[in-house]
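We number each residue from 1, following the sequence as shown.
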Amino acid sequence: MSAVPSSPAAPVDDGRPKPVPGAARDRRLKLAALRLALLVALLAIWQVASLGAPPFVLPSPMRVWEAWTALVASPTFWKDLGVTFERIVTGFALAAVFGVAIGLILGASKTLGEFFEPVLTLITTVSSAIWAIFALIWFGLSNWTTIFVVFMTAMPLILTTVWQGTRTVNADFVELARTFRMSQAQVLAKIYLPTILPLFFSSARLAFGFGARVSLVAETLGASSGVGVRLKQAADLLQTDQVFAWTLTLVALMLALEALVLKPLEARLFRWKKQAEAS
């Protein structure tokens, strides 16, 4: 008796929509086209508005472009940009380290969290401009003035997000870890930290943007070099085209950092989460 070959099992339909080949690429192309159209529309509106205003009030896009090319050719452009970026990154890195560490500690200990909650509320209500004044008094004309302001702006946001994120930790996991006699440090590293990482990245992107903005305020008050200083000098001389050029340079730098570093890093770290949701 000859064996009858078995037919392959039919795929199981779980009711979820299946990805269409090329749909993601088409969606990205459409989004890029829409963003390009928006940019062109903004430039057109800017050009029309500049026709009825003097150059020191609203320079035209072409005038700003000429000012930007002149700035790039100057010997101090890249130095000022590098100094400002270094201060922002240093202040943000310190804010991330302290914000995550303190947030985890306060979240893991209810007693400590309740005790320090008023202190965190006090810190978050103080304006960045006030921190800049304190920094100028304490650090003078130094890099630490800007670094401190960026730190005090970004750290409370990261700390609060991490602290709130610890409340979403599964209590059963924590109890199981204590059953296996894991130390408090191990519980924080192996249970709390993986839970709050997605929330940390969302708050870190906001904190980095806020830190970049307040760094310019700090530099105008307590620095002798950097983009903030050049912005103040240009504003004092009514060189509005240079003000626009420096501003757009920083905006382009932040957008590039977001698209080329932060988003790819976040997607790589949490690739497992998307795979788990798709399965």
Side-chain angles (χ1 to χ4, degrees), residues 87-135 137-139 144-215 217-218 257-258 261-263 265-270 272-273 276:
R87 291 165 179 165
I88 295 171
V89 171
T90 303
F92 172 77
L94 292 173
V97 171
F98 281 91
V100 171
I102 299 174
L104 285 174
I105 293 172
L106 296 183
S109 174
K110 186 176 180 181
T111 302
L112 286 176
E114 292 176 348
F115 181 77
F116 284 103
E117 186 172 5
V119 178
L120 181 60
T121 304
L122 176 64
I123 293 175
T124 54
T125 55
V126 177
S127 170
S128 299
I130 297 177
W131 287 125
I133 295 173
F134 281 128
I137 296 173
W138 294 335
F139 303 107
W144 284 104
T145 298
T146 304
I147 292 172
F148 176 78
V149 177
V150 173
F151 172 80
M152 292 306 299
T153 301
M155 190 271 293
L157 178 58
I158 296 175
L159 193 160
T160 303
T161 303
V162 171
W163 185 5
Q164 297 299 323
T166 57
R167 299 180 180 179
T168 64
V169 173
N170 193 321
D172 294 335
F173 293 164
V174 178
E175 190 63 31
L176 183 62
R178 289 172 179 168
T179 302
F180 284 101
R181 300 184 181 279
M182 293 176 64
S183 66
Q184 187 67 19
Q186 289 176 319
V187 173
L188 290 176
K190 296 182 180 296
I191 297 178
Y192 279 90
L193 187 59
T195 303
I196 59 92
L197 270 180
L199 298 173
F200 163 75
F201 264 89
S202 61
S203 66
R205 287 159 63 180
L206 290 174
F208 191 87
F210 291 153
R213 289 196 291 269
V214 301
S215 68
V217 178
L257 186 65
E258 171 86 6
V261 179
L262 296 180
K263 281 188 176 181
L265 179 61
E266 184 176 3
R268 183 176 181 83
L269 287 176
F270 303 116
W272 60 269
K273 188 175 180 181

Checklist entry - Can you say whether the rings of Trp138 and Phe148 are parallel (under 30°), tilted (30 to 60°) or perpendicular (over 60°)? => result perpendicular

Next on the checklist: So, using side chain to side chain donor-acceptor pair (under 3.5 Å) as the criterion, who are the partners of Ser128 when residues are at least two apart?
Outcome noted: Thr153

Would you be so kind as to tabulate the donor-acceptor pairs closer than 3.5 Å made by side chains of residues 92-106, with sequence neighbours excluded?
none

Checklist entry - Do you know which two heavy atoms are closest between Val214 and Val150, and how far apart they sit? => result CG2-CA, 4.2 Å

Next on the checklist: To the nearest 0.5 Å, what is the distance between CE on Met152 and CG on Leu157?
Outcome noted: 12.5 Å

Expected list for residues 204-212: side-chain donor-acceptor pairs under 3.5 angstrom, two or more places apart:
residue, atom, partner, partner atom, Å
Arg205, NE, Glu258, OE2, 2.8
Arg205, NH1, Glu266, OE1, 2.7
Arg205, NH2, Glu258, OE2, 2.6

Checklist entry - Among all residues two or more places apart in sequence or in another chain, which pass the side-chain contact (heavy atoms from CB on, under 4.5 Å) test with Ile133? => result Ile137

Checklist outcome for this item: The complete set of salt bridge (Lys or Arg N to Asp or Glu O under 4.0 Å) pairs with one or both residues in residues 87-107, sequence neighbours excluded, reads Arg87-Glu219

Checklist entry - Can you name the side chain to side chain donor-acceptor pair (under 3.5 Å) partners of Thr145, sequence neighbours left out? => result none

